[in-house]
Amino acid sequence: MTKSISQKTKVIVLILFIGLSSSSNAQKVALVLSGGGAKGLAHIGALKALEENEIPIDYVVGTSMGGIVGGLYAAGYSPYQIEQIVTKDYFQKWVNGVLSEKYEYYYAQKDPNASFLSINLSVDSTFSTTLNSNLANDIAINFVLTEMLARASERAHYNFDSLFIPYRAVAAEVFTEKEEILKSGFLNQAVRATMTVPFFYRPIKIDDKYMFDGGVYNNFPVDVAKAEFDPDVIIGVNVSSKKYHEYPYDKDDKIVNGSLPFLFIDKSDPAEVGEDGIYIEPDLGDNSSLDFEKVIEIIDSGYVATYRKLEEIKQKIPARQLCEQLNAKRNDYVLSMKPLTFGNIKLIGFKQAQEKYVRRLFNKRKKKLNIHDIKTGYYKLVSENYFKNIFPNIVYNNETGLFDFEIYAKQEQNFKIELGGNISTRSISQIFLGLQYNSFNRFLNNYSANFYTGRFYQSIQFKPRFNVPAKNLFYIEPEFTINTWNFIDAEDLVFGDGPKTVIDQVDRKYGVNIGISAGTRGKVLLNGAFFNNRDRYSNDDQLTSSDTLDLLKFEGFRYGISYNRNSLNRKQYPSDGSAFNISLDYFNGEEDYSPGSTSDIPSQSGTTREWFRLKVEAEQYFKASWYRYGYYFGAVLSTQPFFSNYLGTVINTPAFYPFQDSRTIFLKNYRAFNYGALGLRNIFKLSNALDLRLEGYIFKPIRQIIQKPTLEAGFLDDISQIFIAGTASAVYHSPIGPISLSVNYYDDPDKKIGALLHIGYLLYNKRSLE
């Protein structure tokens with residue numbers, strides 16, 4: 001009996017010894033992922049191929065985009081889940097600094113202007129300034145990374161060795177020119193630090209030091225994997241090797257912009273993986289570091305490149321990790337994470353009065369907040385440009401058993417300068433200057449002014465805005481606007497020498513607007529204003545030096561309410577999103593008319609004009625691969641009366657503006673008290689930035705306004721009158737605004753066909769009666 005037990009014991013000991021020896025000598029595999037911007041999305045394809053073929057991965061090390069993909073993988077996201085994230089439209093928005101429609105609060109947006117360059121400055125009490133030179137807005141990506149990685153950070157107790165896959169991120173500290181290996185702390189911050197391409201994203205602080213993209217000093221961190229994990233085998237996926245061995249003369253113009261951000265990136269050496277390692281370099285062709293829209297193609301390149309190396313991989317790594325076991329292990333890891341439920345909002349770097357403002361944006365009536373509550377408050381806050389410099393974080397609170405949401409205040413960007421305008425082949429070129437100063441204490445106040453100057457249009461506008469924090473956000477905005485419009489020389493590139501429009505207008509508006517948030521993409525606007533307009537015009541198409549112009553003065557008050565919703569992707573020439581506006585206005589004013597030498601109508605003074613106006617506009621775009629289409633609908637119903645003569649009437653009548661240059665041409669046939677308009681817009685995307693647009697419109701006045709022989713206004717009895725308009729244009733969306741060449745057709749005997757080339761935005765402040 002004793003002998004039998006002894007033999008069994010020996011067998012058990014032998015089995016345990018073999019098992020332990022086998023375990024201690026098991027081959028360890030480290031995956032190293034290089035930086036490369038959009039090209040780094042190929043790492044997802046490599047991960048897919050490795051998992052499908054049951055190749056085990058024990059450690060992951062990454063830089064820049066490799067750090068992002070590696071960080072998500074280490075946090076428990078499968079390659080399929082990562083692929084699903086980066087192939088969605090919202091990923092493109094995150095990378096480019098565009099907020100999700102669901103959380104982008106339209107109410108805070110200012111009226112579109114002609115700016116194409118914004119310079120944000122931080123001005124302190126000593127009047128010293130700091131310039132923010134980053135190209136991309138990081139508000140969206142900061143929150144997304146925080147939300148996606150906070151639970152994994154807590155699950156690992158903020159130690160990257162305890163993640164689902166042990167992980168290292170590489171960052172750069174540029175002041176002392178040192179590489180930084182991030183191995184603990186907040187995973188979202190490590191990932192955010194390693195992707196901070198200089199001048200593209202702003203740096204963040206870790207351990208009180210600003211961190212930049214790790215690729216500055218180590219873009220292919222094989223040495224980090226060796227030093228940190230001492231693996232037996234390294235699989236290195238590199239997407240940043242030298243792209244061209246000779247200068248690409250035939251492609252340089254096309255690829256130069258995509259190459260600029262990576263002038264700062266350290267060069268990669270394929271030999272670093274060693275003889276026992278596997279080197280994978282996807283064939284990315286002409287794809288650049290900014291080609292995020294080619295995500296599927298880039299992922300596939302990583303997948304194919306890894307499959308081509310499978311024989312070598314399997315020879316050097318005989319061990320296998322069954323897919324079922326790996327997925328089960330991953331699911332158990334994710335299920336063991338704590339839910340994102342929040343107890344406290346912590347504000348770091350805010351003054352006490354400022355904290356009260358911020359806290360009112362969150363739903364603190366609830367003892368526990370969910371991620372939707374946090375997103376809602378956070379995106380309400382950052383909808384104001386003033387808060388674009390804040391940084392979010394999520395940390396687990398052991399005392400409450402809930403997460404805390406932290407908001408770090410950075411140096412305030414309290415002054416903004418905007419520059420813009422357009423250069424045109426017609427006399428409508430202009431320069432735009434916008435200035436804005438922000439003051440934040442108990443309330444957030446914006447003081448803005450903008451100036452337009454040009455031959456056709458000049459304007460001065462002041463608009464202070466006082467933001468009031470509440471469950472339903474609202475602001476109070478006084479307004480002072482002066483516009484001048486000179487049509488005499490604006491219509492100077494119409495095919496054929498038609499009659500000239502002799503109209504010189506000045507409109508002034510002094511009012512108050514109250515904007516109230518209506519969901520994320522909507523806004524209700526209440527307004528009241530005093531207006532003072534002066535119109536000078538000739539009733540003849542030809543003006544001689546001896547002629548005097550008619551003078552029509554109209555001043556009074558207007559009151560209105562409107563609902564606006566907007567998710568268009570551009571302020572001019574949009575191709576995605578939708579917009580809707582409905583407004584009801586009441587006007588009451590006194591008309592004072594003085595005839596000039598071209599009028600036989602006697603002077604009329606002190607005539608009261610009052611009316612109501614209901615206006616509806618809607619536009620929407622739909623995607624169909626490289627082709628997009630959209631519609632426009634507009635309608636006006638009004639009780640507006642005639643003014644003293646025909647031209648004075650149509651000048652003050654609602655107008656339909658089908659094209660970008662329509663505001664610069666006085667088109668009598670597209671003005672009516674009551675009308676409906678319908679348009680179809682076709683957009684052919686020839687490249688990422690170049691569109692071909694074909695648009696057609698129908699304009700139906702309910703009763704067309706005509707000029708009587710007495711020069712007074714009247715209605716045309718023919719109610720079947722319809723006017724059409726069409727345009728063909730090529731639009732290149734450049735960093736300084738659209739560059740557009742268009743040929744336009746108007747159903748007007750004097751201005752039938754016109755051509756226009758312009759660079760920049762054809763945008764103006766609203767008229768006093770609009």
- prompt: side chain to side chain donor-acceptor pair (under 3.5 Å) between Gln81 and Tyr73: does it pass, once the steps are laid out?
  reply: CA-CA 9 Å; Gln81 289 173 316; Tyr73 187 68; over 6 Å; no
With a 4.5 Å cut-off on side-chain heavy atoms, are [Y] and [X] touching?
| X | Y | result |
| --- | --- | --- |
| Phe186 | Ile394 | no |
| Lys39 | Met65 | no |
| Leu31 | Val61 | no |
| Val237 | Pro282 | yes |
| Val395 | Phe403 | no |
| Ile85 | Met148 | yes |
| Leu163 | Arg155 | no |
| Leu41 | Phe91 | yes |

Return the [atom1] to [atom2] distance between [X] and [Y], rounded to the nearest 0.5 Å.
| X | Y | atom1 | atom2 | result |
| --- | --- | --- | --- | --- |
| Lys685 | Ser687 | NZ | OG | 7.5 Å |
| Ser383 | Tyr378 | OG | OH | 11.5 Å |
| Glu281 | Thr306 | CD | OG1 | 12.0 Å |
| Phe405 | Lys375 | CZ | NZ | 11.0 Å |
| Ile44 | Tyr80 | CD1 | OH | 13.0 Å |
| Ile165 | Leu72 | CD1 | CG | 13.0 Å |

task: Test Leu182 against Thr194 for side chain to side chain contact (heavy atoms under 4.5 Å, CB included), laying out the working first.
output: CA-CA 9 Å; Leu182 305 177; Thr194 192; 5.7 Å; no
List the atom of [X], the atom of [Y], and the distance in Å for their closest heavy-atom pair.
| X | Y | value |
| --- | --- | --- |
| Ala305 | Ile280 | CB-CG2, 3.9 Å |
| Pro392 | Asn142 | CD-CB, 3.9 Å |
| Leu340 | Ala150 | CD2-CB, 4.3 Å |
| Tyr167 | Ala74 | CB-CB, 3.6 Å |
| Asp58 | Pro166 | O-CD, 3.2 Å |
| Val60 | Phe229 | O-CE1, 4.4 Å |

query: Please walk me through it: do Ile235 and Val29 pass side chain to side chain contact (heavy atoms under 4.5 Å, CB included)?
result: CA-CA 7 Å; Ile235 301 175; Val29 179; 3.9 Å; yes
Heavy-atom donor-acceptor pair, [X] side chain to [Y] backbone, under 3.5 Å:
| X | Y | answer |
| --- | --- | --- |
| Glu154 | Ala156 | no |
| Thr341 | Leu402 | no |
| Tyr217 | Ala171 | no |
| His43 | Gly67 | no |
| Thr63 | Gly66 | no |

- request: Apply salt bridge (Lys or Arg N to Asp or Glu O under 4.0 Å) to the pair Arg330 and Glu51, showing each step before the final yes or no.
  value: CA-CA 12 Å; Arg330 180 181 285 124; Glu51 283 207 357; 2.5 Å; yes
Is [X] atom [atom1] crowded by more than 12 heavy atoms from other residues, nucleotides or ligands, each under 6.0 Å away?
| X | atom1 | value |
| --- | --- | --- |
| Asn569 | CG | yes |
| Tyr210 | OH | no |
| Tyr158 | OH | yes |
| Ile296 | CD1 | no |
| Arg320 | CZ | yes |
| Asp283 | CG | no |

message: Against the six-membered ring of Phe160, is Lys183 placed for a cation-pi contact (under 6.0 Å from the centre, within 45° of the normal)?
response: no
query: Does Lys338 make a cation-pi contact with Tyr396 (under 6.0 Å, within 45 degrees of the axis)?
result: yes
For residues [X] and [Y], is any side-chain donor paired with an opposing acceptor at under 3.5 Å?
| X | Y | value |
| --- | --- | --- |
| Tyr279 | Glu312 | no |
| Tyr307 | Asn53 | yes |
| Tyr303 | Glu52 | yes |
| Thr146 | Asn188 | yes |
| Ser240 | Asn219 | yes |
| Thr196 | Arg202 | no |
| Gln27 | Asp232 | no |
| Asp213 | Ser64 | yes |

[X] and [Y] ion-paired at < 4.0 Å:
| X | Y | result |
| --- | --- | --- |
| Asp208 | Lys205 | yes |
| Arg168 | Asp161 | yes |
| Arg192 | Asp138 | yes |
| Asp404 | Lys346 | yes |

query: Quick one: are the ring centres of Phe387 and Phe440 less than 6.0 Å apart?
result: yes
task: Could you walk me through whether Tyr408 and Phe391 pass the ring pair (Phe, Tyr, Trp, His ring centres under 6.0 Å) test, one step at a time?
output: CA-CA 5 Å; Tyr408 289 83; Phe391 191 85; 7.1 Å; no
query: Checking side chain to side chain donor-acceptor pair (under 3.5 Å) for the pair Asn438/Gln436: CA distance, chi angles, key distance, verdict?
result: CA-CA 7 Å; Asn438 300 307; Gln436 180 175 308; 3.0 Å; yes
- request: Using the side chain to side chain contact (heavy atoms under 4.5 Å, CB included) rule, take Gln189 and Asn393 through it: C-alpha gap first, then chi angles, then the decisive distance, then the call.
  value: CA-CA 8 Å; Gln189 293 185 6; Asn393 195 36; 3.6 Å; yes
- prompt: side chain to side chain contact (heavy atoms under 4.5 Å, CB included) between Glu180 and Val170: does it pass, once the steps are laid out?
  reply: CA-CA 6 Å; Glu180 295 284 343; Val170 181; over 6 Å; no
task: Go through the steps to decide whether Phe143 and Tyr379 satisfy the test ring pair (Phe, Tyr, Trp, His ring centres under 6.0 Å), and finish with yes or no.
output: CA-CA 10 Å; Phe143 189 90; Tyr379 284 115; 5.5 Å; yes
